[in-house]
Structures are given as structure tokens and as C-alpha cells.
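Working notes, beginning with the structure itself.
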Amino acid sequence: GSPLTRNGYALVMSAGITSVLGLVFWILAAHYYTPEQVGLAAALLSMLLTLGNMAQLNLGNVLNRFLPVANDKSAKLIARSYGAAIVAAAVFSSVFVLGVTSIAPKLSFLSQDWQTAALFIASVTIWTLFVLQDGVLAGLRQSSWIPLENTVYALMKIVLLIVLAG
């Protein structure tokens, strides 16, 4: 091994683990919650993921490509990327919340009180940074942490799913 090959293997392993744990999550969700609740949650998560993917502005690939050669400018590149992604996530999710009634009426509860709207906007922003972190780790040639990070996250989701069902 080269660092690039190790990064590739770590990313493939992470994708495999999170896929299996994601399947377990949705099987348990279908067991503990009603079909209506699961459907609404799937729509909400789909929107959160879509907005988060848009808000990344393809910076994960930029970080993956340019961090290895950024040397002493790495911290500045990471900080600016995070800053741009935070702004984009806040703007995109705010626009969605403001127009949710006409875009996705079933999710209109997001705009009915400011706490729910703020929680959704914060969730999109946190998710955007969480995913962007994978690009940082890959760019720093530290992808071996990604499977652990994503496995812990997926397991926490499963535990919370069960705890909140009770």
C-alpha cells in the first residue's frame, strides 16, 4: 500500500457497513412505527439529504483533490469550505422551510413553529458538515477513520430509533 489505495478500501468498507446498518435501521423502523410514520420520516430524511448534498457545493471532491497538496494552507481551505457549506445549508434549508407548504405539503409541519424550522435547518447544516468531513479525512489521507465514524453514527441512529419508539 499506497495511501490512495488505503483510502479507497476504507471508503468501500464504510459504504458496505453503512448500507447494511441502514437496512437494519429501516427494518426496525418498519417494525416499531406505523407505515405513515415511516413514510413521513423517509420523505423528511430524503429532503434533508437532498438539501445537504446540494449544500456541499461539491466541496468534498475539492477537499479530496486539493488537501494533499495544500500543505500549510490546509486549515484555511478546510475552514473556508466549511464556512461556504454552512451558509449554503442554512440558505437552502431556510428557503425550503419557507416554501414547504407548496413544495411538499405533507412536510408543512416544518414551518408551523420556529423551533421545528430551526431544528430542521440545524439538522441540514450538521448533516452537510458530517458528510463534508469525509472529504476532509480523505484529502488528509486519513480515510481509515471514516468507517469507524460512519459505523458509530449508524449504530447511534439505530439505538435512538429503538429508544424513541418506547
Side-chain angles (χ1 to χ4, degrees), residues 4 7-8 10-19 21-22 25-26 29 38-157 160-161:
L4 188 60
N7 274 351
L11 293 173
V12 168
M13 185 168 68
S14 178
I17 291 169
T18 55
S19 294
L21 291 174
F25 175 88
W26 286 109
V38 172
L40 188 59
L44 186 62
L45 286 173
S46 181
M47 197 66 240
L48 185 144
L49 296 175
T50 299
L51 291 167
N53 286 337
M54 290 170 32
Q56 289 174 53
L57 306 172
N58 203 31
L59 290 168
N61 290 331
V62 169
L63 291 164
N64 192 17
R65 165 63 182 92
F66 291 107
L67 273 177
V69 296
N71 300 324
D72 61 334
K73 295 183 176 127
S74 294
K76 186 183 283 189
L77 177 60
I78 293 168
R80 287 183 175 173
S81 297
Y82 280 178
I86 288 169
V87 169
V91 169
F92 295 162
S93 56
S94 295
V95 168
F96 176 75
V97 167
L98 290 172
V100 71
T101 305
S102 50
I103 298 168
K106 296 279 187 184
L107 300 178
S108 62
F109 67 89
L110 291 173
S111 65
Q112 292 175 353
D113 68 79
W114 72 268
Q115 291 102 339
T116 304
L119 181 61
F120 180 76
I121 293 165
S123 297
V124 171
T125 304
I126 291 166
W127 176 254
T128 301
L129 293 177
F130 181 76
V131 175
L132 201 55
Q133 180 65 28
D134 290 355
V136 170
L137 290 171
L140 295 173
R141 302 300 186 240
Q142 298 294 319
S143 291
S144 57
W145 290 102
I146 294 173
L148 176 63
E149 166 194 51
N150 290 335
T151 300
V152 168
Y153 170 74
L155 290 172
M156 285 175 33
K157 279 190 337 186
L160 282 173
L161 177 82

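For the numbers below, each heavy atom of this structure counts, side chains included, while hydrogens, waters and symmetry mates do not.
To the nearest 0.5 Å, the span separating CG on Leu59 from CG on Leu63 amounts to 6.0 Å. Atom CG in Leu11 sits 7.5 Å away from atom CG in Asn64 (nearest 0.5 Å). Taking CD of Gln142 as the reference point, atom OG of Ser144 lies at 6.0 Å (rounded to 0.5 Å). For the atom pair CG of Leu98 and CD1 of Ile103, the computed distance is 9.0 Å after rounding to the nearest 0.5 Å. Within the model, atoms CD of Gln112 and CG of Leu107 stand 11.0 Å from one another, a figure rounded to the nearest 0.5 Å. Note that the OG1 atom of Thr116 and the CH2 atom of Trp114 stand 10.0 Å from one another [nearest 0.5 Å].
Of all the heavy atoms in Val97 and Ala117, the pair that sits closest is CG1-CB, 3.7 Å. Ala70 and Ser74 get closest at one heavy-atom pair: CB-OG, 3.7 Å. The two atoms that bring Phe96 and Ala104 nearest to each other are CZ-CB, 4.3 Å, heavy atoms only. Shown here for Ser81 and Leu132, the closest heavy-atom pair between the two residues is O-CD2, 3.9 Å. Residues Pro147 and Ser143 share a closest heavy-atom pair of CD-O, 3.2 Å. The minimum heavy-atom distance linking Ala138 with Asn7 is given by the pair O-ND2, 3.1 Å.
A 4.5 Å side-chain heavy-atom check between Met47 and Leu110 finds every atom pair outside the cut-off. At least one side-chain heavy atom of Asp134 sits less than 4.5 Å from a side-chain heavy atom of Glu149. No side-chain heavy atom of Met13 sits under 4.5 Å from any side-chain heavy atom of Thr18. For the pair Leu44/Phe109, a side-chain contact is recorded, criterion being any heavy-atom separation below 4.5 Å from C-beta on. No side-chain heavy atom of Phe66 sits under 4.5 Å from any side-chain heavy atom of Lys73.
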Exercise for review: Determine, step by step, whether Leu51 and Phe120 satisfy the side chain to side chain contact (heavy atoms under 4.5 Å, CB included) criterion, reporting the C-alpha distance in whole Å, the side-chain angles of both residues, the deciding distance to 0.1 Å, and the verdict.
Suggested key: CA-CA 11 Å; Leu51 291 167; Phe120 180 76; 3.8 Å; yes

Check your understanding: Is there a side chain to side chain contact (heavy atoms under 4.5 Å, CB included) between Val136 and Tyr82 once you walk through the steps?
Key -> CA-CA 10 Å; Val136 170; Tyr82 280 178; 3.6 Å; yes

Exercise for review: Give the C-alpha distance, both sets of side-chain angles, the deciding distance and a yes or no for side chain to side chain contact (heavy atoms under 4.5 Å, CB included) between Leu155 and Thr151.
Suggested key: CA-CA 6 Å; Leu155 290 172; Thr151 300; 3.9 Å; yes

Exercise for review: Take Ile86 and Thr128, measure what side chain to side chain contact (heavy atoms under 4.5 Å, CB included) needs, and give me the verdict at the end.
Suggested key: CA-CA 8 Å; Ile86 288 169; Thr128 301; over 6 Å; no

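Considering Ile121, Leu119, Ile126 in turn, Leu119 is the only one that fulfils the side chain to side chain contact (heavy atoms under 4.5 Å, CB included) rule with Ser123.
For the pair Asn53 (side chain) and Leu49 (backbone), a donor-acceptor distance under 3.5 Å is present.
For Ser14, the side-chain hydrogen bond (donor to acceptor under 3.5 Å, both in side chains) partners two or more places apart in sequence, or in a different chain, are Asn150.
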